[in-house]
Number of protein chains: 2
Amino acid sequence: MTKTTASPSRKRRAMPKQDRRIQLIKATISCIANKGLSNITMADITTEAGLSLGIVNLHFQSKNNLLVETLRFVVDEYNEGQAKILKKRSTKTTQEILEDHLAFDFSAKVCQKDKLAVWFGFWGEAKSRPTYQKICAESDSATESSISTLFQEIIEEGNYQGPDADTVTKGYTAIVEGLWLDLLITPAAFNRKNAKRVARAYLAAMFPQHIDL
Amino acid sequence: MTKTTASPSRKRRAMPKQDRRIQLIKATISCIANKGLSNITMADITTEAGLSLGIVNLHFQSKNNLLVETLRFVVDEYNEGQAKILKKRSTKTTQEILEDHLAFDFSAKVCQKDKLAVWFGFWGEAKSRPTYQKICAESDSATESSISTLFQEIIEEGNYQGPDADTVTKGYTAIVEGLWLDLLITPAAFNRKNAKRVARAYLAAMFPQHIDL
DNA sequence: TATCAATGAATGAACGTTCATTAACTTGTA
DNA sequence: TACAAGTTAATGAACGTTCATTCATTGATA
């Protein structure tokens, strides 16, 4: 674990509220990756951040609140990255946007082990925690509706006679999440490059005129 | 939660050791689905089983042991189901085996919410728990090697010029796991039939002579 | 009667939360 | 500019709760 502050030194009242919150969220992400969502303690998180035990309740009221905000942070970061790609639709071809999506979904930033551990940590608890489930489901539906629009355009351009846009979209998001899982579970035998190749094979099979193997 | 025994009645010494173990494992599966892997207590599990608090330590030595055995139970059940399908290779065509795999991966038994909750619960903790990671990784590799052999045969039969067997295998296992996640996260909007259709679209795109949309 | 699965009250460790105290920063006054 | 009074972020010891584990006791079976 690497400290996210310079030191536990005598500099107090140093940071604006929002920065402290983000500092604590980032420490939480590290701790989830290192100790698991179910095993982290307040002491783990505050030690990782180089701060004192009481700080989380000061800024987040409760541990549960911090965890929810951490999930939201990771989810928002991903959704914003996707939205940015789609914003360029007016200046790029559908082929290019498709490539951008692939590049993004298997970028170092998105596939960072810590981030993946957060996704799967919360997915693992989602069934029994309505709050987690809601945040995850909303993110999924945002992702799917934006990708589906793109796929619809591509299907019209290519006059593809295969499955409809929604089906291809479900398949794409599923394969991406499944490959992320592989990256998390078998990190030695599998890497981003391999994962991207597998996802590309899917898109190439669905949209052969738009993307090559 | 439904009791897995008839009642917490005065019947002691009633069951052989192995049956008690399975009874406790099944109670654990229910509890993971209902309360989440990180939230279950010994009291939850033993109450669900209709037994007393000390019983888990008697049969499993520790809570952690019970959890590991529960993961192994679910993993073994899945792997045995797959092995059974492949055993019929000598009496069935590759098309039929392919259909059997699809039917199995999206069967009610495999897609049972409780079982999915167990998979994702442990996947979520795998990054920080070597024991979980090892069991999950071994299962993954067993699944992949058996499916890859089948896909290799199909590729030769169809003289397919697309991606190699290992790539298609990774894609298939990834899409299945991703669809399971969807079933778990958005149960209302998505069901087994939809999921199977999406997976079928993948296989149909890869092996058009062997399977239809 | 001897054996052993099963029980559940008791134990002690781990953990989230609280809050009195400390210290950094701001504002008001001369 | 200097300094006092006021404000609030940050600290961490103490507290109360939760929970896994233990083990003396119970009672069914052979």
Side-chain angles (χ1 to χ4, degrees), chain A residues 3-28 31-32 34-70 121 125 128-129 131, chain B residues 3-28 31-32 34-70 121 125 128-129 131:
Chain A
K3 291 280 168 57
T4 45
T5 43
S7 73
S9 69
R10 289 304 90 203
K11 289 217 277 174
R12 300 211 299 184
R13 180 83 84 95
M15 276 191 179
K17 267 189 179 298
Q18 190 55 23
D19 292 7
R20 269 276 178 271
R21 284 173 65 92
I22 288 172
Q23 179 190 11
L24 287 166
I25 286 173
K26 289 189 171 172
T28 306
C31 288
I32 290 173
N34 289 319
K35 301 205 64 188
L37 179 59
S38 70
N39 268 20
I40 38 171
T41 66
M42 296 294 248
D44 290 333
I45 293 165
T46 52
T47 302
E48 172 76 14
L51 294 168
S52 69
L53 190 52
I55 197 81
V56 166
N57 286 280
L58 182 68
H59 287 281
F60 291 91
Q61 289 69 250
S62 72
K63 181 185 178 184
N64 186 59
N65 242 323
L66 169 63
L67 294 180
V68 169
E69 291 301 315
T70 301
E125 294 292 311
S128 53
R129 299 246 196 168
T131 313
Chain B
K3 290 283 168 56
T4 46
T5 43
S7 73
S9 69
R10 293 301 91 202
K11 289 216 278 175
R12 303 209 299 183
R13 179 87 83 100
M15 276 192 176
K17 268 187 179 300
Q18 189 56 23
D19 293 5
R20 268 276 179 270
R21 285 173 63 92
I22 288 172
Q23 179 189 11
L24 287 167
I25 285 172
K26 288 188 172 171
T28 306
C31 288
I32 290 173
N34 289 319
K35 303 203 62 185
L37 179 59
S38 70
N39 268 21
I40 39 172
T41 65
M42 297 294 251
D44 290 332
I45 293 166
T46 53
T47 302
E48 172 76 14
L51 294 168
S52 70
L53 191 52
I55 197 81
V56 166
N57 286 279
L58 182 68
H59 288 282
F60 291 92
Q61 289 68 252
S62 72
K63 180 184 178 184
N64 185 60
N65 243 323
L66 169 62
L67 295 180
V68 169
E69 292 302 316
T70 301
E125 293 292 312
S128 53
R129 299 248 197 166
T131 313

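In what follows, every chain begins at residue 1, and chains take the letters A, B, ... in the order their sequences are listed.
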*Indicate for each nucleotide in nucleotides 20-25 of chain D, in 5' to 3' sequence, whether protein heavy atoms under 4.0 Å reach the base (B), only the sugar-phosphate (S), or nothing (-).*
SBB---

_Nearest to side-chain heavy atoms of A/Leu58, which nucleotide of D/dA9, D/dG12, C/dT7_ = D/dA9

_Rounded distance (Å) that lies between atom P of D/dA9 and atom CZ of A/Arg21_ = 13 Å

*Rounded to the nearest 0.5 Å, how far apart are CG of B/Leu58 and CZ of B/Arg20?*
10.0 Å

_Between C/dA5 (P) and B/Gln23 (CD): distance, integer Å_ = 15 Å

*Nearest whole angstrom, please: distance from the P of D/dT18 to the CG of B/Asp44.*
13 Å

*Pairwise side chain to side chain donor-acceptor pair (under 3.5 Å) hits with a residue in residues 50-65 of chain A, at least two apart*: A/Asn64-A/Arg129

*Starting at CD1 of B/Ile55 and ending at C1' of D/dT26, how long is that distance when rounded to a whole Å?*
13 Å

*Kindly indicate whether the side chain of B/Lys26, heavy atoms from C-beta on, has any atom under 4.5 Å from the side chain of B/Ile22.*
yes

*Listed by chain and number, what are the side chain to side chain contact (heavy atoms under 4.5 Å, CB included) partners of A/Leu53, not counting sequence neighbours?*
A/Met42, A/Ala43, A/Thr46

*Considering all heavy atoms of both residues, which atom of B/Glu125 and which atom of A/Gly36 are nearest to each other, and what is their separation?*
OE1-CA, 3.6 Å

*Rounded to the nearest angstrom, tell me the gap between atom CG in B/Leu67 and atom P in D/dC19.*
14 Å

*Rounded distance (nearest 0.5 Å) linking atom CG of B/Leu24 with atom CD of B/Glu69*: 12.0 Å

